[in-house]
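Quick note: numbers below take in every heavy atom, side chains included, and nothing from hydrogens, waters or symmetry partners. In listed order, ligands and their atoms are each counted from 1.
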Amino acid sequence: MHAAIQVDSIQYSYGSHQAVKGISFMVAPGEVLGFLGPNGAGKSTTLKMLTGQLVPAGGTIHILGQAVRGHSSAIHARMGVSFEEKNLYHQMSAEENLRFFASLFGIKQPDIDGLLEQVDLLKRKKDRVSAYSKGMKQRLMIARALINDPAVLFLDEPTDGLDPVSAQAIQNIIRQRAAAGTAILLTTHDMMEADKLSDRVAFINEGLIHAIDTPEALKLKHGQRAVVVRVRRGGGIEEIQVPLDAAATGDSLKRAVDGQEVVTVHTKEASLEEIFITMTGRGL
Ligand code: ATP
């Protein structure tokens, strides 16, 4: 089977500033790949090349087996894209927005109510988008991206700035779509979200992918696990960390708890954020 998304050594410069310096990766059907990186890392620029808004200066992109270079309409019919709010018409209702975007794809009988139900906006479908909260607009953008039942979905910061309930609703939709076979590429600053939602994550910094793997593999390969023991000492609580993957973990642990009043014991995994910082020298 073709990779749903296949990217080889793409590059892009804004004037003399090289924003993307040769990025390669693939996304399989049904897979969620999370792009993690700080502001200015090149995430949006990469997504824009994939969706045809920018033409790469070098390298190749194949989506569903077809070469993409700038705008090519055939493949766009199979893509869903959620970028920035400006993609919505604020003077129109949610229903009118979706009807309009369906017409752009030539979809005669779009299931608008079904989509609005999925993103929990059915009751507000007649309201103008200008009266929507940020979370409601974000959910409508997801519905918009799904209007053509896409095989490949690109989501730029889909849960940015949302409350936990709205974020969770969007994450559930993303999981359902992936389970139905859609290949999903999303960007996020939120390493917790990347960890929970992505089958694999790519660490992007200064226009390059520094690592790409499952969150578990990244943690195993690059992270340090530890047992954290909290003991009561002299009226206060003291925290002792014992590295887990070291040769003498057992002995160190024994020394840590020996003769102590132990308050809590838990294991601590390295977070993706810590690994990102170790690998790139900077935070998210
Ligand atoms: P963020 O998380 O802030 O969205 P990003 O990883 O998406 O960041 P990009 O928007 O791809 O990063 O930007 C990569 C680099 O390209 C940055 O240095 C940015 O300043 C620069 N850049 C982005 N868009 C333009 C533009 N239209 N003109 C000039 N430079 C740009």
Side-chain angles (χ1 to χ4, degrees), residues 5-27 32-61 63 68-71 79-88 134-135 137-139 141-142 144-145 152-163 166-167 170-171 174 183-198 200-213 215 218 271-284:
I5 304 170
Q6 177 74 51
V7 175
D8 293 292
S9 305
I10 53 167
Q11 298 166 28
Y12 194 84
S13 298
Y14 296 99
S16 63
H17 177 67
Q18 211 185 353
V20 175
K21 301 174 181 168
I23 278 184
S24 305
F25 63 90
M26 60 79 71
V27 187
V32 180
L33 177 67
F35 266 15
L36 255 182
N39 292 128
K43 304 183 296 295
S44 303
T45 304
T46 300
L47 245 59
K48 283 180 185 159
M49 287 190 271
L50 289 159
T51 54
Q53 297 169 62
L54 293 175
V55 178
T60 59
I61 299 166
I63 292 181
V68 174
R69 206 172 162 73
H71 198 80
M79 285 185 197
V81 179
S82 168
F83 264 30
E84 288 157 63
E85 245 185 57
K86 65 173 185 252
N87 291 332
L88 298 172
K134 180 171 177 169
K137 286 180 193 153
Q138 206 101 327
R139 296 204 303 265
M141 299 221 330
I142 300 283
R144 196 208 98 131
V152 177
L153 195 52
F154 298 99
L155 305 172
D156 201 12
E157 311 261 350
T159 61
D160 188 37
L162 298 188
D163 66 77
S166 296
I170 287 181
Q171 288 166 357
I174 293 172
I184 301 173
L185 177 56
L186 58 89
T187 70
T188 178
H189 294 117
D190 179 346
M191 55 89 195
M192 291 285 282
E193 172 169 280
D195 198 346
K196 268 199 314 197
L197 204 54
S198 314
R200 287 184 302 146
V201 297
F203 284 169
I204 314 234
N205 191 37
E206 294 181 3
L208 288 169
I209 291 184
H210 286 249
I212 179 164
D213 214 330
L218 287 168
S271 68
L272 287 183
E273 175 138 38
E274 284 161 356
I275 298 167
F276 191 96
I277 292 168
T278 311
M279 293 187 80
T280 65
R282 61 176 295 184
L284 287 170

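Gln138 is not listed as a side-chain neighbour of Glu157, based on a closest heavy-atom distance of 4.5 Å or more. The shortest distance between side-chain heavy atoms of Phe276 and Val201 does not fall below 4.5 Å.
Checking atom 20 (O) of ligand 1 against the protein gives no heavy-atom contact under 4.0 Å.
Atoms of ligand 1 found under 4.0 Å from any heavy atom of Thr45, numbered from 1 in the order shown, are 9 (P), 11 (O), 13 (O), 14 (C). The distance from ligand 1 to the heavy atoms of Asn39 drops below 4.0 Å at these ligand atoms: 1 (P), 2 (O), 3 (O), 8 (O). Every atom of ligand 1 is numbered from 1 in the order shown, and the set under 4.0 Å from a heavy atom of Ala19 is 14 (C), 15 (C), 16 (O).
Around CE of Met279, the count of heavy atoms belonging to other residues, nucleotides or ligands within 6.0 Å exceeds 12.
Close to ligand 1: His189, with a non-hydrogen atom less than 4.0 angstrom away. By the 4.0 Å heavy-atom criterion, Gly42 is counted among the residues contacting ligand 1. The closest approach between Pro38 and ligand 1 falls below 4.0 Å for a heavy atom of the residue.
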> So Ser44 and Thr187, side chain to side chain contact (heavy atoms under 4.5 Å, CB included) or not? Walk me through it.
Replying inline: CA-CA 8 Å; Ser44 303; Thr187 70; 5.7 Å; no
>> Determine whether Leu33 and Ile212 satisfy the following criterion, side chain to side chain contact (heavy atoms under 4.5 Å, CB included), listing intermediate values before the conclusion.
In response: CA-CA 9 Å; Leu33 177 67; Ile212 179 164; 3.9 Å; yes
> Can you check side chain to side chain contact (heavy atoms under 4.5 Å, CB included) on Met26 and Arg200, steps first, answer last?
Replying inline: CA-CA 11 Å; Met26 60 79 71; Arg200 287 184 302 146; 3.7 Å; yes
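Taking both residues in full, the closest heavy atoms of Ile10 and Thr46 are given as CD1-CG2, 4.1 Å, listed atom of the first, atom of the second, then distance.
Of the protein's non-hydrogen atoms, His17 NE2, 3.0 Å is the one closest to atom 18 (O) of ligand 1. From the protein, the heavy atom lying nearest to atom 10 (O) of ligand 1 is Ser44 CB, 3.7 Å. Here the heavy atom of the protein found nearest to atom 14 (C) of ligand 1 is Gly40 O, 3.4 Å.
Residue contacts with ligand 1: Ala41 is placed with a nitrogen or oxygen under 3.5 Å of a nitrogen or oxygen of the ligand (distance criterion only). For ligand 1, none of its N or O atoms has an N or O atom of Thr46 under 3.5 Å away.
Side chain to side chain, His189 and Asp160 fail the donor-acceptor criterion of an N or O pair below 3.5 Å.
One N or O on the side chain of Lys43 and one on the backbone of Pro38 form a donor-acceptor pair closer than 3.5 Å.
Distances from atom 31 (C) of ligand 1 to the heavy atoms of Tyr12, Tyr14, Phe35 put Tyr14 nearest.
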